[in-house]
Amino acid sequence: RKEVEQDPGPFNVPEGATVAFNCTYSNSASQSFFWYRQDCRKEPKLLMSVYSSGNEDGRFTAQLNRASQYISLLIRDSKLSDSATYLCVVNSGSNDYKLSFGAGTTVTVRA
Amino acid sequence: DTEVTQTPKHLVMGMTNKKSLKCEQHMGHRAMYWYKQKAKKPPELMFVYSYEKLSINESVPSRFSPECPNSSLLNLHLHALQPEDSALYLCASSQEAYLETQYFGPGTRLLVL
């Protein structure tokens with residue numbers, strides 16, 4: 001079983017729509033959770049950290065469900081510029097400095 | 001300022017060449033990382049440096065040799081690479097290792113002929 005699993009998509013949505021997707025992780029000891037976005041042929045960029053209480057940053061909302069070991073990302077009022085691959089990133093939960101990356105969920109917002 | 005810089009942006013090398021990738025950050029971060037990313041795949045960790053000491057080597061072949069001259073710089077020396085080593089090489093840094101947010105540089109796109 002992969003440490004971090006994501007629905008690869010693609011999610012094709014019209015501008016203004018809401019899109020949401022999840023990521024599951026296998027290590028119950030994991031303590032840090034992140035969403036990164038990666039544009040084609042660019043580096044991953046931190047979108048947001050995910051906190052236990054859930055957090056919101058503008059049109060983006062992240063949730064963490066420790067009991068079911070998944071995190072989610074919701075994008076409201078989608079913009080064309082939101083088209084990207086969203087990487088779910090989870091730390092290994094042990095003291096060895098590793099992050100585990102999901103394979104990414106591709107979102108395409110169309111006009 | 002969460003900037004990590006990498007040079008060169010692109011590199012083409014033959015299998016007998018020796019080249020180096022460079023990474024620099026001035027955020028005072030004490031952990032630095034090298035990742036390799038193939039197309040449509042997530043980044044794969046290669047090396048971790050913490051306080052200028054190599055902490056993790058993910059069983060990377062010896063043709064890749066990392067070096068951390070000081071807390072701001074990280075190099076990756078390349079020698080006798082294979083065509084399958086062609087990839088995007090990403091450098092990242094974080095305040096400390098473990099639990100910390102990592103910030104990525106723009107990467108070096110490497111082609112081995």
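Here is how names work: the chains are called A, B, and so on, in the same order as the sequence lines, proteins then strands, and each is numbered from 1.
Around atom CD of Glu24(B), more than 12 heavy atoms belonging to other residues, nucleotides or ligands sit under 6.0 Å away. Shown here is Lys38(B), whose NZ atom has more than 12 heavy atoms of other residues, nucleotides or ligands within 6.0 Å.
Counting heavy atoms from C-beta outward, Tyr36(A) and Gln102(B) have side chains that approach closer than 4.5 Å.
Annotation for Pro42(B) and Gly102(A): closest pair CB-O, 3.3 Å, computed over non-hydrogen atoms. For Lys98(A) against Ile56(B), the heavy-atom pair with the smallest separation is CG-CD1, 4.0 Å. Across every non-hydrogen atom of Phe104(B) and Pro44(A), the tightest pair is CB-O, 3.5 Å.
Atom CD of residue Glu100(B) and atom OG of residue Ser49(A) lie 9.5 Å apart, to the nearest 0.5 angstrom.
Side-chain atoms of Gln38(A) and Gln37(B) form a donor-acceptor pair, as typed in the model, at a separation below 3.5 Å.
Heavy-atom distances place no part of Phe33(A) under 4.5 Å from chain B, backbone and side chain included. In this structure, chain A has a heavy atom under 4.5 Å from the side chain of Glu58(B), while its backbone stays farther away.
Side-chain heavy atoms closer than 4.5 Å link hydrophobic residues (I, L, V, M, F, W, Y) into clusters, and following such links, even through other members, never connects Phe101(A) to Val50(A). No continuous path of ILVMFWY side-chain contacts below 4.5 Å connects Leu90(B) to Val60(B), so the two sit in separate hydrophobic clusters. Both Met15(B) and Phe64(B) sit in one connected hydrophobic cluster of ILVMFWY residues. Membership requires side-chain heavy atoms under 4.5 Å apart, directly or through other members. Side-chain heavy atoms closer than 4.5 Å link hydrophobic residues (I, L, V, M, F, W, Y) into clusters, and following such links, possibly through other members, connects Trp35(A) to Phe60(A).
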